Amino acid sequence: MSKTPLNAISPTRQEDFPEWYQQVVRASEMAENSEVRGCMVIKPWGYGLWERMQSVLDQMFKATGHRNAYFPLFIPLSHLQKEAEHVEGFAKECAVVTHHRLEMQDGKLVPAGELQEPLIVRPTSETIIGSHYAKWVKSYRDLPILLNQWANVVRWELRPRLFLRTAEFLWQEGHTAHETEEQAVEETEKMLRVYETFAHDYLALPVICGEKTASERFPGAVRTYCIEAMVQDRKAIQAGTSHFLGQNFAKASHIEFQTRQGTLEYAWTTSWGVSTRLIGTLLMVHGDDDGAILPPRIAASQVVIIPFIPKEEFRSSILKKAEEIASLLQATHYAGEPIRVEIDTRDINGSTKSWDWIKRGIPLRLEIGPRDLEAGCVALGRRDHPPKEKELVAIDRLPVRLPEILIEIQQNLLNRAKEFSLSHTYMIESKEEFYAFFTPNNSTKPEIHGGFALTHWNGSPEVEAKIKEDLKVTIRCIPFEDNPRPGICPFTGESSPQRVLFGKAY
RNA sequence: CGGGGCGUAGCUCAGCUUGGUAGAGCGCUUGGUUUGGGACCAAGAUGUCGCAGGUUCGAAUCCUGUCGCCCCGACCA
């Protein structure tokens with residue numbers, strides 16, 4: 001007992017944030033590394049989270065007029081070549097399929113049957129979807145096309161990290177084609193707002209919406225919008241993107257239509273996506289030194305009932321009561337849905353079970369033992385409070401009390417994240433201040449430092465590049481502002497149209 | 001692709017300098033005692049010490065080669 005560490009996760013966030021993150025992914029049983037470098041196995045608890053994200057987002061996409069379709073995993077090499085910037089952006093990280101058959105030679109399987117044209121495994125699907133849109137679009141009457149696909153994509157990353165950057169990942173990609181530029185821009189903005197709402201309302205994730213600078217733009221896009229979040233080591237993470245592609249891909253794929261005036265014009269297209277990176281973001285924003293903390297609205301299960309069975313004679317009565325409580329909760333609603341509940345019937349020490357669920361980040365634990373049975377109550381532990389803090393709740397009060405607490409947790413996580421993000425965001429006015437802000441005290445093993453800097457910038461790519469070279473700090477976005485206030489760029493002394501958001505990025 | 005490091009039980013690692021037939025903790029199995037905060041006792045299972053070659057009576061240990069992985073850099077919606 002004396003060996004029990006203070007926290008479930010070691011090292012702590014303060015001690016070594018990257019290592020803490022890896023331990024949380026493992027301890028929360030979200031995912032593990034596979035034998036293929038850069039690829040991951042998403043375990044049921046992590047995949048359940050993704051299924052929730054899919055389900056909520058899918059409804060939001062449908063509500064905004066989109067439908068799902070599916071396009072192939074393999075893309076002819078020639079397709080990628082059609083859009084010059086796109087090639088430059090993705091060629092280096094493409095997996096290439098060159099053969100279609102294996103033959104046994106000297107007891108070993110070797111690739112045979114070389115393909116006439118190599119296929120790439122999709123790193124994103126603009127080109128192959130574009131080539132089909134070209135067939136479907138003949139007239140302005142065929143527009144808009146509003147499609148989404150749920151898929152896996154492959155980007156051969158050199159330095160993978162579970163959920164944040166893996167060679168293969170899961171995502172959704174929306175692809176739309178429109179008659180006018182205005183409509184396409186409107187779509188791009190609308191879907192960014194969908195992501196913002198989803199992040200805020202479901203993931204309890206405060207995000208900053210804005211536009212990427214040219215250097216951070218999606219290859220081939222005219223404009224890239226993003227939502228940026230701050231995680232607990234004060235770095236920025238891009239949680240979602242929405243691209244206005246102009247007519248670039250329409251030209252490359254020949255998506256042409258006859259206008260109302262009878263002329264021929266290229267369609268205006270957009271694309272937008274979020275990925276399993278959201279899971280990593282969630283862990284890094286809300287997690288603590290005991291593991292994951294999941295917001296109730298997105299958790300695969302919101303409540304776990306943990307039977308404590310000190311003596312065999314209590315087993316059947318406690319398990320029976322656990323079933324009753326589960327049924328009671330399934331008939332109770334939170335956020336417009338039945339509460340998602342499960343019972344941990346594993347035949348192990350109750351407190352071990354409790355710790356397992358703490359590490360997984362389930363919002364609520366209901367512990368039931370003989371004493372509770374007698375008193376008609378449960379011991380309730382909530383994940384946003386310390387592990388040992390318990391509230392005794394009468395079983396017949398649960399249908400009232402649990403929805404209240406779930407609302408509180410959801411709100412509490414959002415508030416905490418907002419406070420954290422705000423307390424590490426500064427208006428920085430001078431170059432000296434800026435450099436000091438982003439320079440760690442210990443250069444060999446940098447401590448958690450910095451944050452977001454809202455600073456004026458004259459719009460020069462050279463200034464941006466110099467800052468990146470000096471500090472590894474980039475412009476995360478040019479925040480959307482109703483009334484942008486001009487000022488002076490501290491790096492050049494020149495005038496600046498508005499403040500932009502600087503930070504170190506994942 | 002450059003620089004550094006590491007491959008020993010399911011996991012984390014010790015042993016290697018000074019060669020003598022394989023270890024710890026955790027986990028796992030079985031039995032018992034426990035049980036309101038990550039239990040304890042006892043017994044047990046698990047390794048071609050990354051792979052190949054060499055030196056040697058004898059190699060986890062020394063030498064050569066090779067493969068894989070990790071970290072730093074470069075690169076990256």
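Chain letters run A, B, ... following the sequence lines, proteins first, then strands; residues in each count from 1. Computation of the quantities below employed the complete heavy-atom set of this structure, encompassing side-chain atoms and omitting hydrogens, waters and symmetry-equivalent molecules. All values reported here derive from a predicted model rather than from experimental measurement.
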Can you see if the side chain of A:Asn349 gets near the phosphate of B:A39 - specifically, an N or O under 4.0 Å from OP1 or OP2? yes
Same-atom distance (C1') from B:G3 to B:U48, integer angstrom: 34 Å
How far does the P atom of B:C76 sit from the matching atom of B:G4, given to the nearest Å? 25 Å
Both distances below 3.5 Å, Watson-Crick or wobble geometry, any strand: find the nucleotide opposite B:G68. B:C6
Looking at B:C76, B:C11, B:G36, which one has an atom nearest to any side-chain atom of A:Pro370? B:G36
C1'-based separation of B:U29 from B:U21 [nearest Å]: 28 Å
Atom CZ of A:Phe90 and atom C1' of B:C76 are separated, to the nearest Å, by 10 Å
Between B:G36, B:C11, B:G38, which one does the side chain of A:Ser351 approach most closely? B:G38
Which one, B:C76, B:U35, B:G38, comes nearest to the side chain of A:Glu93? B:C76
Whole angstrom value for the distance that separates C1' of B:C11 from CD of A:Glu29: 14 Å
Whole-angstrom distance between B:C49 and B:G44, as gauged at atom C1': 23 Å
B:U35, B:G36, B:C76: which one has an atom nearest the side-chain heavy atoms of A:Lys92? B:C76
Presence of A:Ser354 side-chain N/O under 4.0 Å of B:G36 phosphate oxygens OP1/OP2: no
Ring centers of A:Trp45, A:Trp357 separated by less than 6.0 Å: yes
A:Lys468 atom NZ is separated from B:A74 atom P, nearest whole Å, by 10 Å
For A:Lys390, which contact category applies under a 4.0 Å heavy-atom criterion: base, sugar-phosphate, or nothing? base
Does B:G23 have a Watson-Crick or wobble mate here (both distances under 3.5 Å), and if so which one? B:C13
Would you name the heavy atoms of A:Leu294 and A:Met30 that are closest together and state the gap between them? CD2-CE, 4.0 Å
Base-pairing mate for B:G36 - Watson-Crick or G-U, with both contacts under 3.5 Å: none
Do A:Tyr21 and A:Tyr506 have ring centres separated by under 6.0 Å? no
With rounding to whole Å, what would you report as the distance between B:U8 and B:G47 at their C1' atoms? 8 Å
So if I take every side-chain heavy atom of A:Lys311 and compare against B:U35, B:G38, B:G36, which nucleotide ends up nearest? B:U35
How is A:Arg165 classified with respect to the nucleic acid when contacts are heavy atoms under 4.0 Å: base, sugar-phosphate, or nothing? base
Could you check whether any side-chain N or O of A:Asp290 sits under 3.5 Å from a backbone N or O of A:Ala8, counting only pairs where one atom can act as donor and the other as acceptor? yes
Return the value, rounded to whole Å, for the distance between atom CD of A:Gln22 and atom C1' of B:C11. 15 Å
Per nearest nucleotide of RNA chain B, the residue lying toward the 5' end, A:Pro160 or A:His243, is A:Pro160
Aromatic ring proximity, centroids under 6.0 angstrom, A:Phe163 and A:Phe169: no
Would you indicate what A:Phe169 reaches in the nucleic acid, counting non-hydrogen atoms under 4.0 angstrom: base, sugar-phosphate, or nothing? base
A:Ile309 CD1 to B:A39 P: how many Å, rounded? 15 Å
Now, which nucleotide makes the Watson-Crick or G-U wobble pair with B:C75, with each of the two distances under 3.5 Å? none
State which of B:C76, B:U35, B:G38 makes the closest approach to the side chain of A:Glu157. B:C76
What nucleic acid atoms does A:Trp156 come within less than 4.0 Å of, heavy atoms only: base, sugar-phosphate, or nothing? nothing
How far does the C1' atom of B:C28 sit from the matching atom of B:G19, given to the nearest Å? 34 Å
Could you tell me whether A:Ala379 contacts a base, only the sugar-phosphate backbone, or nothing, with contacts defined as non-hydrogen atoms closer than 4.0 Å? base
What is the base-pairing partner of B:U46, counting Watson-Crick and G-U wobble geometry with both distances under 3.5 Å? none
Taking atom P of B:G31 as reference, at what distance in whole Å does atom CD of A:Glu312 sit? 13 Å
Nearest of B:U35, B:G38, B:A74 to any side-chain atom of A:Pro310? B:U35
Separation between CE of A:Met40 and OG of A:Ser34, rounded to the nearest 0.5 Å: 10.0 Å
Mind checking the P distance from B:U64 to B:U17? Whole angstroms is fine. 15 Å
I need the CD-P distance between A:Glu32 and B:G10, as an integer number of Å. 15 Å
Just do the side chain to side chain donor-acceptor pair (under 3.5 Å) check on A:Thr213 and A:Glu464 with the steps written out, would you? CA-CA 9 Å; A:Thr213 62; A:Glu464 192 186 9; 2.5 Å; yes
Inter-nucleotide C1' distance (B:U55, B:C41), Å rounded: 49 Å
On RNA chain B, check which nucleotide each of A:Ser215 and A:Gly350 is closest to and give me the residue with the more 5' one. A:Gly350
Quick note, A:Lys472 side chain, CB onward, closest among B:G36, B:A74, B:G38 is B:A74
Centroid separation under 6.0 Å, is that true for the rings of A:Phe249 and A:His86? yes
Write down the distance between NZ (A:Lys504) and P (B:C76), rounded to a whole number of angstrom. 18 Å
Look at the side chain of A:Lys359 and decide which nucleotide, out of B:C76, B:G73, B:G38, has an atom nearest to it. B:G38
Examine the base of B:G38 for any acceptor or donor lying under 3.5 Å from a partner atom in the side chain of A:Asp356, and report the outcome as yes or no. no
